[in-house]
Amino acid sequence: MANSCCAHSNCSPAVVCVDLRNKTFPVRDYDLGMTLSSGQAFRWRQEGETWVGVIHGRWVRLRPSASSIMAEVAQPVRDWNWLTEYLQLELDVNTVLASFPDDEPMQAATAACRGLRLLRQDPWECLASFILSSTKQILQIQQIITLLCQRYGPPVLAALGCPPAYAFPSPDRLATLSETELRACKMGFRAPFLLAAAREVAEGKLQLNALVKLPLNSARAELLGLAGVGRKISDCVLLFAYGQQAAFPVDVWVMKALRQLYFPRRKVSLPRLQEFAATHFGPHAGYAQQYLFHYARSQMKRTTPSTP
DNA sequence: GCCCAGGTGAAGC
DNA sequence: GCTTCACATGGG
């Protein structure tokens, strides 16, 4: 094998010159575009063949190919664990798919969403984002969060020639704002919920890091203590930020999918659907949920998502 | 104008 | 337990 990846012509041969701004990760069954645009994270921007975002305060540009994801950062890094963790690159998705129930709806959903993955996001960003998500379209959630980050997120270094980038504002920062300032970011009645959550976290009344160690039900109970956080938002955070794979958020799309695919022409209440989901989809139910969500959105867009 | 959006919580049966 | 409604805001 040739030596390392040095692109400079003037490096001393005695020094190992390593490119600390780029790294290529081999992947299989990973559709990056589908994953980043599937309504679990709201800060990714497509730029030609690439996806640009900020993870844990780091600007990053990702370029997917059939068998790899090439990552580029603005500041040199030696440890890429933050990225492999975020993208869950070490997960064997086939193990997850094999755990799904062998029924027709799941076969159709997995066939339609090949390569769809779950991310592992920062808990605060995820919680705040989903507090802002209620009765909003994904596009609008993205707009609100973009505004919030531009106004109150700390600037981060981006690659040359790229537009300015911002990290997600911390709970401490948001806790200093007024409800009026938050409403000015177009979040409407969600503003007091976000403000209260930011204060709870900033004051240490809610310790997001401590939820990592808790079992699903206890962690959920903690999140449900927040105003504006119900079963759906709590389960999104548990699934997308804490890796609680049994969490099963039921939104209007998943509800429609469940009713249409599993209970056609029957009236089934939301609690009954949740009970069904908790027992039917196995240990990676949340993963199955994401496939159903994406499948429903791509297949049923022409019909109304609300229930008849 | 009208309906809807990755909901929640309060109020009414 | 289940249903209805208000809550802001913008897109189709």
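Each chain gets a letter, A, B and so on, in the order the sequences are listed, and its residues count up from 1. The model shown is predicted, which means the values in this text are computed figures rather than measured ones.
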Output all residues satisfying salt bridge (charged side-chain N to carboxylate O under 4.0 Å, His left out) with A:Arg61, sequence neighbours left out; order by chain, then residue number. A:Glu47, A:Glu72
Output the residues of residues 110-136 of chain A in contact with DNA chain B, where contact means a heavy atom of the residue under 4.0 Å from an atom of the strand; sort by number or write none. A:Ser133, A:Ser134, A:Thr135, A:Lys136
May I have the distance from A:Arg231 (atom CZ) to B:dG9 (atom C1'), rounded to whole angstrom? 16 Å
Whole angstrom is fine here: how far is it from CD in A:Gln143 over to C1' in C:dG12? 13 Å
Mind checking whether A:Trp44 and A:Tyr86 have parallel, tilted or perpendicular rings, split at 30° and 60°? tilted
Which value, in whole Å, describes the distance between the P atoms of nucleotides B:dA10 and C:dA8? 15 Å
For A:Leu118, run the side-chain contact (heavy atoms from CB on, under 4.5 Å) check against A:Val96, A:Leu239, A:Leu87, A:Val93 and tell me which one passes. A:Leu239
Is there a donor N/O on one and an acceptor N/O on the other, under 3.5 Å, for the side chain of A:Gln290 and the base of B:dG6? yes
Under 3.5 Å, is there a donor on one side chain and an acceptor on the other for A:Gln143 and A:Thr146? no
Interatomic distance where CD belongs to A:Glu179 and C1' belongs to C:dA8 [whole Å]: 12 Å
OP1 or OP2 of C:dA8 less than 4.0 angstrom from a side-chain nitrogen or oxygen of A:Arg183, does that happen here? yes
Using a heavy-atom cut-off of under 4.0 Å over every strand shown, decide if A:Leu226 touches base, sugar-phosphate, or nothing. sugar-phosphate
How far, in whole Å, is B:dG6 from C:dG12 if one measures between their P atoms? 12 Å
Could you tell me how far C:dA6 sits from B:dC2 if I compare only their P atoms? Round to whole Å. 15 Å
Output the rounded distance in Å from CZ (A:Phe189) to P (C:dA8). 8 Å
Among A:Tyr262, A:Tyr291, A:Phe100, A:Tyr287, ring pair (Phe, Tyr, Trp, His ring centres under 6.0 Å) partner for A:Phe281: A:Tyr262
Establish whether the base of C:dG10 is bridged to the side chain of A:Gln140 by a donor-acceptor pair shorter than 3.5 Å. yes
What is the distance, rounded to the nearest whole Å, between atom CG of A:Leu194 and atom C1' of C:dA8? 15 Å
Whole angstrom value for the distance that separates P of B:dG6 from CZ of A:Arg190: 11 Å
Using a cut-off of 4.0 Å on non-hydrogen atoms, how would the nucleic acid contact of A:Phe240 be classed: base, sugar-phosphate, or nothing? base
Criterion side-chain contact (heavy atoms from CB on, under 4.5 Å) against A:Thr35, the qualifying member of A:His294, A:Gln88, A:Arg117, A:Gln290: A:Arg117
Between OH of A:Tyr291 and C1' of B:dG6 the distance, given in whole Å, is 18 Å
Under-4.0 Å side-chain N/O to phosphate OP1/OP2 contact, A:Lys186 with C:dG10: yes
With rounding to whole Å, what would you report as the distance between C:dT9 and B:dG1 at their C1' atoms? 16 Å
Please report the distance, rounded to the nearest Å, between CD1 in A:Ile144 and P in C:dG10. 9 Å
Write down the atom of A:Ala167, the atom of A:Val54, and the distance for their closest heavy-atom approach. CA-CG1, 4.0 Å
Base, sugar-phosphate alone, or nothing: which one does A:Val229 contact when heavy atoms must sit under 4.0 Å apart? sugar-phosphate
Tell me whether A:Gln207 at atom CD has more than 12 heavy atoms from other residues, nucleotides or ligands lying less than 6.0 Å away. no
Does a side-chain N or O from A:Arg297 land closer than 4.0 Å to OP1 or OP2 of B:dG6, or not? yes
Please measure how far the C1' atom in B:dC4 lies from the corresponding atom in C:dC5, and state the result in whole Å. 16 Å
